[in-house]
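Everything on this sheet refers to the single structure shown next.
Note that the structure is a prediction, hence the values are computed from the model and not measured. As the structure lists them, so they are numbered: ligands from 1, and atoms in each ligand from 1. Nothing fancy with the numbering, it's 1 onward along the sequence.
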Amino acid sequence: MSSNKKPKLGQNFLVDENACLHIAEALGDASARTVVEIGPGHGAITELLAARCRRLHCIEFDPALARELAFRFRNDDHVTVHHADILATDLKTMLGEEASLDVVGNLPYYITSDILLHLFGAAREGVVGRAVVMMQREVAERIAAGPGSSEYGALSAVTQMHARVTNLFTLPPSAFSPPPDVFSTVLRMEFAPRFAELGVEFEGFNRFLRASFAQKRKTLANNLRAAGYSPAELTAAWPETIALQARSEAVSLEAMAGLYRALEAARATEAR
Ligand code: SAM
C-alpha cells in the first residue's frame with residue numbers, strides 16, 4: 001500500500017531477493033575490487049556484495065542502521081561500515097592500494113542528483129571505475145536517453161560526459177518496504193570521462209551545458225543568447241553540423257563541445 005508519508009532519509013528497503021541478486025551480479029567480477037555501497041540500510045544487498053568483492057566499505061547516514069550493520073559484520077575484516085554522509089565522504093580515502101573502486105547503491109532518492117555529481121567528481125579524479133545504482137525510473141530514463149530523444153537534457157549530457165550508461169532493469173513499488181510512489185530503475189555506469197578527448201574543461205563546459213538546456217522549449221541559440229553570448233559571437237562560431245534552429249536535445253556531445261571550443265577560442269582572442 002502506498003503512503004503519502006515520505007520515509008526519512010529515503011528509506012525504502014529492497015525486499016525482492018531476486019532484485020538484490022541482480023544488482024550484485026550487475027557489477028560483474030568484483031573479486032579483486034574494492035566496492036563502496038551507498039546507503040546499505042538493513043543490508044539487503046550488502047551480504048551479496050561482501051561475498052563477491054575483495055573489500056567492502058558501507059556508507060550509511062542513519063546511526064541506528066550503521067550500528068546494526070557494523071554489529072552484523074563485526075567478525076568480517078574485509079567489510080567496514082562507516083557512519084557517514086556519502087556527500088561528505090572523500091571516496092579516495094577508501095582506495096587503498098587500488099587504482100579505482102566500484103560503487104553500488106539503492107540510492108536515497110531525495111539526493112540522487114547530488115550523489116551522481118559527487119561520483120562524477122570522483123570519476124574525474126580516476127577514483128571510481130564502475131557504478132550500479134538504482135534511482136527513480138523517470139530520472140534513470142533521462143540519464144540514459146541519447147541526443148534526439150525528448151528525454152535528453154542537461155543531466156543526460158553531464159552524465160554521458162563521464163560515463164557509458166546502460167539501463168539494466170526496472171522494479172515496481174512492491175519490491176520495496178515501504179513501497180515508494182514511483183517505479184525504480186537500475187543503471188550501470190562505466191566511467192570514462194570525455195573532457196580531454198573533446199578538448200573541453202569540466203567547469204566551463206558543465207556551465208555551458210546547463211545554459212544550453214536552461215529552457216527546454218527554446219532553441220540552443222536562444223538559450224545561449226540568454227546566457228550572455230551575443231548574436232555576432234554565435235554566428236561566427238556556429239558550426240555547419242548544428243542546424244540554426246536546433247534544440248539542445250538534438251545536438252550530440254561532440255557537436256556541443258565543438259561549439260563551446262569555438263566560442264571560447266573567439267573570446268580568448270578578443271581578450272588579448
Ligand atoms: N540498500 C538498502 C536496500 O536496498 O534495502 C537501503 C536503500 S534506501 C533506498 C537508502 C539508504 O540510504 C537508507 O539506508 C538511508 O538511511 C541511506 N542514506 C540516506 N541518506 C544518506 C546519505 N546522505 N549518506 C549515506 N546514506 C544515506
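Residue-ligand proximity, Q11 to ligand 1, at heavy-atom distances under 4.0 Å covers atoms 13 (C), 15 (C), 16 (O). Distances below 4.0 Å separate heavy atoms of I59 from the following atoms of ligand 1: 25 (C), 26 (N). In summary, the atoms of ligand 1 found under 4.0 Å from a heavy atom of I111, numbered by their order in the structure, are 23 (N).
Residue E17 places its CD atom among 12 or fewer non-hydrogen atoms of other residues, nucleotides or ligands, all under 6.0 Å distant. R74 CZ: more than 12 foreign heavy atoms inside a 6.0 Å radius.
Heavy atoms of I38 stay at 4.0 angstrom or farther from ligand 1. Distances from ligand 1 to the non-hydrogen atoms of E37 include at least one value under 4.0 Å. Residue-ligand proximity: L107 is placed with a non-hydrogen atom under 4.0 Å from ligand 1. Proximity of L65 to ligand 1 is established by a heavy-atom distance of less than 4.0 Å. Residue contacts with ligand 1 do not include A88, since none of its heavy atoms lies under 4.0 Å from the ligand.
Exactly one of H78, E98, R55 qualifies for a side-chain hydrogen bond (donor to acceptor under 3.5 Å, both in side chains) with T34. That residue is E98.
With no hydrogens or angles considered, no side-chain donor-acceptor pair links Y152 and S248 at under 3.5 Å.
Note on E201 versus R207: no salt bridge recorded, every NZ/NE/NH1/NH2 to OD/OE distance being 4.0 Å or above. Using a cut-off of 4.0 Å between Lys/Arg side-chain N and Asp/Glu carboxylate O, K8 and D62 are scored as salt-bridged. Ion pairing between E197 and R194 holds under the 4.0 Å rule for side-chain N and carboxylate O.
Residue A44 has no nitrogen or oxygen atom sitting less than 3.5 Å from a nitrogen or oxygen atom of ligand 1, judged on distance alone.
The protein heavy atom nearest to atom 23 (N) of ligand 1 is D85 OD1, 2.9 Å. Of all protein heavy atoms, the one closest to atom 2 (C) of ligand 1 is P40 O, 3.2 Å. Given atom 14 (O) of ligand 1, the protein heavy atom at minimum distance is E60 OE1, 2.8 Å. In terms of protein heavy atoms, atom 20 (N) of ligand 1 is closest to Y110 OH, 3.0 Å. What sits closest to atom 26 (N) of ligand 1 on the protein, heavy atoms only, is F61 N, 3.4 Å. If you check which protein heavy atom lies closest to atom 9 (C) of ligand 1, you get G10 O, 3.1 Å. Among protein heavy atoms, the minimum distance from atom 5 (O) of ligand 1 is reached at L14 N, 2.8 Å. The nearest heavy-atom contact from the protein to atom 1 (N) of ligand 1 is G39 O, 2.8 Å.
A cation-pi arrangement, defined by a distance under 6.0 Å to the six-membered ring centre and an angle within 45 degrees of its axis, is present between R124 and F202.
Of the heavy atoms in A84, only backbone atoms (N, CA, C, O) come closer than 4.0 Å to ligand 1.
Below 30°, between 30° and 60°, or above 60°: for F195 and H162 the angle between ring planes is above 60°, a perpendicular geometry.
A continuous path of Ile, Leu, Val, Met, Phe, Trp and Tyr side chains, each step under 4.5 Å between heavy atoms, connects Y110 with L155, placing both in one hydrophobic cluster.
The CD atom of E138 sits 9.0 Å away from atom OG of S184, with the distance rounded to the nearest 0.5 Å.
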